[in-house]
Protein chains: 2
Amino acid sequence: MKGKGKATSFDIAHYAGVSQSTVSRALRNSPLVNEETKRRVREVAQQLNYKVDKNASNLRTQQSSTLALLLFEDPTGDDSQINPFFLNMLGSITRACAKEGYDLLVSFQSTSDDWRAEYEDSHRADGIILLGYGDYMDYKSRLQRLLENDTKFVCWGANVDGRPDLTVRCDNYGGGKLAAEHLVKINRTNAVFIGDASDHCPEFFDRFKGFKDGLSEHGIVFNERNIANAISTEMSGYHATRSLIANNVKFNALFAASDLIAIGAIRALQEAEINVPHQVSVVGFDNIAAASYVSPSLTTVQQNTTLAGQMLVANLLNLIHGEAVESTLLPPKLIVRQSSLQKIG
Amino acid sequence: MKGKGKATSFDIAHYAGVSQSTVSRALRNSPLVNEETKRRVREVAQQLNYKVDKNASNLRTQQSSTLALLLFEDPTGDDSQINPFFLNMLGSITRACAKEGYDLLVSFQSTSDDWRAEYEDSHRADGIILLGYGDYMDYKSRLQRLLENDTKFVCWGANVDGRPDLTVRCDNYGGGKLAAEHLVKINRTNAVFIGDASDHCPEFFDRFKGFKDGLSEHGIVFNERNIANAISTEMSGYHATRSLIANNVKFNALFAASDLIAIGAIRALQEAEINVPHQVSVVGFDNIAAASYVSPSLTTVQQNTTLAGQMLVANLLNLIHGEAVESTLLPPKLIVRQSSLQKIG
DNA sequence: CTGAAAGCGCTTACAG
DNA sequence: CTGAAAGCGCTTACAG
């Protein structure tokens, strides 16, 4: 049935009694080929377990049918603990690629590395999807370089200067507002913010700005001193909250820039015997799986990772095919759970 | 500096004043090439931002420098909620591949699909890593088929009949024993098991058997009726535990086949106002990130995903290179947290 | 140490 | 509708 090496289109041609060119056409479903011929070719191909050699066809057509996913990690992160939010994104991107008939090459890169790998990937893939966390300032210059090299890419979250069409992101500002409005509604407005409210982390900054504006629309002024810096880990959220408590800051609401931070914050509050939600209402951001597991379960602003993955892939493919791509903003959604519950009134 | 299309080895040859063959040799660091010539070639290559075309070199050498990762998912699972344990594995496999200079192609596949995709992947990659959850019985025949096709692959967890060298797994039996010994030590031996104790899920079954034997070595007989079936989700663990409570089963210890199950179990217990750990000690399996976030934090048997990823990749590469591969069993490790605490005595 | 040439397995004008 | 032929960009015997 099958020789030592893999079957080639010449083998199929031989058994089907046609030329190799016809085999190639038949398998690509060219309208030029007679239906009956196609049928015969396909049958033989299946019997010989033949599959088109991707390297050969890619070389010939000068494309790869492959997208690359580059995950930038914060170098401080533990080796095996990747932010679950990005892992979810990875899942949905993988699915979206498969649906479009593209392979997905995955690589991780520390933000401190030189950016050689991106460039290499640009030769193996038709385009790149960038998922980054960590400091945006490090990140920014590399985006610029990718642009100069005319590489096709789309970014999650981060803005590419002058090219908003290359970004897919959640409406972080709007999400921050949702959080604020929720807290206003349950009458918890003496709030603190845990996260990074600076240019170094534009996503967190937008969440913060939306939050602040959301409060101010209801006449509540956010006290800028009520910010504690944190990166997106449980540990960091824990320590930031502890320091707030240690500094004797008083508050009845806590908005965390991410769920991981919020989960760490709840731990710090509970350790200090501050009851959540009775004394402090906590709202996170992302809606990772753990948000519903922790106790009290976490009220949070959901980012739709399934849709995000689809949009990232769709936009990148449009870009590759030279079609117009628009800036994509995904709507966030408030998920109310127990960490913010309070009887109204 | 750079023309429209990408630079080829002929361009480098032109600028470096050597033949294209020499460029190829120099870039592959062949000992045949003069050091000075190498230096010059490399310099030009870098200036032109040249990278070897993978499709061409793979086609020529008849290999791909690519491994494929196939994630089998239980079709019941929610679209975007992949078991975090496997996501961690994915992370470590990606890193291990990168370290060995291999690319990683990732694909997901529902266990209910026909297995066409595996086979296709076998044409694009030098080998396949299989990560599966869901029902092993569905899974088994496909492994057999891969074997028949002489595909190079390694499996996480699942046994390949007659080829133990193709499996990398955690010592699930030993892990179950660790759980039992811990509960014996804290004097909590009236235990229930939540998970699937059947051939359909050999990993869970091994955990169960180790657990049972661990108890019996201390003269404690596990009551076989104290098993509640569950698949590896929080929901399933929750429902299984609820039914146990509803059936009025009395117990002071609970061993869950996975952390997700354990987390669901804790929720069910807390809902029924059964205190963890004071009335029931809970032990999970995996040590996913959430295990340390939930409250009480979860005592669990850790699987070393970093090592697992490395071994999976290392074994697969050995297999591809025709070297001897041994069956690999990774040692589990007990992580004691608050869900099982009890004053001894 | 270096170069000229063959060939990996396809796709696609070109010619019928 | 079909076939013969060129060529994608490499790697590697072969010859010097």
Side-chain angles (χ1 to χ4, degrees), chain A residues 2-42 44-45 48-66 101 103 120 122-126, chain B residues 2-42 44-45 48-66 101 103 120 122-126:
Chain A
K2 183 171 147 242
K4 193 67 241 162
K6 276 167 187 147
T8 72
S9 53
F10 283 92
D11 299 326
I12 311 302
H14 176 72
Y15 289 111
V18 294
S19 75
Q20 182 268 340
S21 345
T22 299
V23 170
S24 176
R25 288 196 193 94
L27 263 18
R28 318 190 89 234
N29 201 21
S30 159
L32 292 174
V33 180
N34 181 293
E35 284 304 324
E36 166 55 19
T37 311
K38 275 187 195 172
R39 210 197 42 70
R40 206 166 65 243
V41 168
R42 285 192 191 125
V44 175
L48 297 191
N49 239 332
Y50 171 78
K51 287 283 158 10
V52 171
D53 182 306
K54 277 279 167 184
N55 288 318
S57 69
N58 288 343
L59 174 59
R60 181 53 234 243
T61 58
Q62 293 296 83
Q63 47 157 25
S64 66
S65 325
T66 300
D103 284 329
E120 283 202 17
S122 75
H123 285 256
R124 290 179 213 176
D126 295 336
Chain B
K2 183 171 147 240
K4 194 68 237 145
K6 275 167 187 148
T8 72
S9 53
F10 283 93
D11 299 327
I12 311 303
H14 176 72
Y15 288 111
V18 292
S19 75
Q20 181 268 339
S21 346
T22 298
V23 170
S24 176
R25 288 194 194 96
L27 263 18
R28 317 191 89 234
N29 201 21
S30 157
L32 291 174
V33 180
N34 182 294
E35 283 304 324
E36 167 55 20
T37 312
K38 275 187 195 172
R39 210 196 43 69
R40 206 167 64 244
V41 169
R42 286 192 191 125
V44 175
L48 298 190
N49 240 331
Y50 171 77
K51 286 283 157 9
V52 171
D53 183 306
K54 277 278 165 185
N55 287 317
S57 69
N58 288 343
L59 175 58
R60 180 54 232 246
T61 57
Q62 293 294 86
Q63 47 156 28
S64 65
S65 326
T66 299
D103 284 329
E120 284 203 18
S122 76
H123 285 257
R124 288 180 214 178
D126 296 336

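Throughout, protein chains are lettered first and strands after them, A, B, ... in sequence-line order, and every chain is numbered starting at 1.
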Inset, instruction - Establish whether the base of D:dG3 is bridged to the side chain of A:R25 by a donor-acceptor pair shorter than 3.5 Å. - result: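 Between D:dG3 and A:R25, which were checked side chain against base, a qualifying N/O pair under 3.5 Å is present.
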How many Å lie between [atom1] on [X] and [atom2] on [N], as a whole number?
X: B:Q20; N: D:dT12; atom1: CD; atom2: P; result: 12 Å
X: A:K51; N: C:dC10; atom1: NZ; atom2: C1'; result: 16 Å
X: B:L59; N: C:dC8; atom1: CG; atom2: C1'; result: 4 Å
X: B:Q63; N: D:dC10; atom1: CD; atom2: P; result: 16 Å
X: B:N55; N: C:dT11; atom1: CG; atom2: P; result: 12 Å
X: B:N29; N: D:dT12; atom1: CG; atom2: P; result: 14 Å
X: B:N58; N: D:dT11; atom1: CG; atom2: P; result: 9 Å
X: B:F10; N: D:dC10; atom1: CZ; atom2: C1'; result: 8 Å

Inset, instruction - Could you go through the side chain to side chain contact (heavy atoms under 4.5 Å, CB included) check for B:T8 and B:H14 one step at a time? - result: CA-CA 10 Å; B:T8 72; B:H14 176 72; over 6 Å; no
From [options], pick the nucleotide closest to the side chain of [X]?
X: A:N34; options: D:dG3, D:dG9, D:dT2; result: D:dT2
X: B:T22; options: C:dT12, D:dC10, C:dT2; result: C:dT2
X: B:V33; options: C:dT2, C:dC10, D:dC10; result: C:dT2
X: A:T8; options: C:dG3, C:dG9, D:dC1; result: C:dG9

Is there a donor-acceptor contact under 3.5 Å from the side chain of [X] to the main chain of [Y]?
X: A:D126; Y: A:S64; result: yes
X: A:R25; Y: A:S30; result: no
X: A:K54; Y: B:A125; result: no

Establish, with yes or no, whether the OP1 or OP2 oxygen of [N] is under 4.0 angstrom from a side-chain nitrogen or oxygen of [X].
X: B:S21; N: D:dT12; value: no
X: A:Q62; N: D:dG9; value: yes
X: B:S19; N: C:dA4; value: no
X: A:R28; N: C:dT12; value: yes
X: A:T37; N: D:dT2; value: yes
X: A:S9; N: C:dC10; value: yes

For the residue pair [X] and [Y], what are the closest heavy atoms and their distance?
X: A:V18; Y: A:V41; result: CG2-CG2, 4.1 Å
X: B:Y50; Y: B:L27; result: CE2-CD2, 3.4 Å
X: A:A45; Y: A:I12; result: CA-CD1, 3.8 Å

Inset, instruction - Report which part of the nucleic acid B:S24 touches: base, sugar-phosphate, or nothing (heavy-atom distance under 4.0 Å, all strands). - result: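 Since a base atom lies under 4.0 Å of B:S24, the category is base.
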Legend entry - A:V33 side chain reached by A:R28 side chain, heavy atoms, under 4.5 Å: no
Legend entry - Dot-bracket encoding of pairs in DNA chain D, which uses [ ] for pseudoknotted crossings and | for another strand, Watson-Crick or G-U under 3.5 angstrom: |||.||||||||.|||
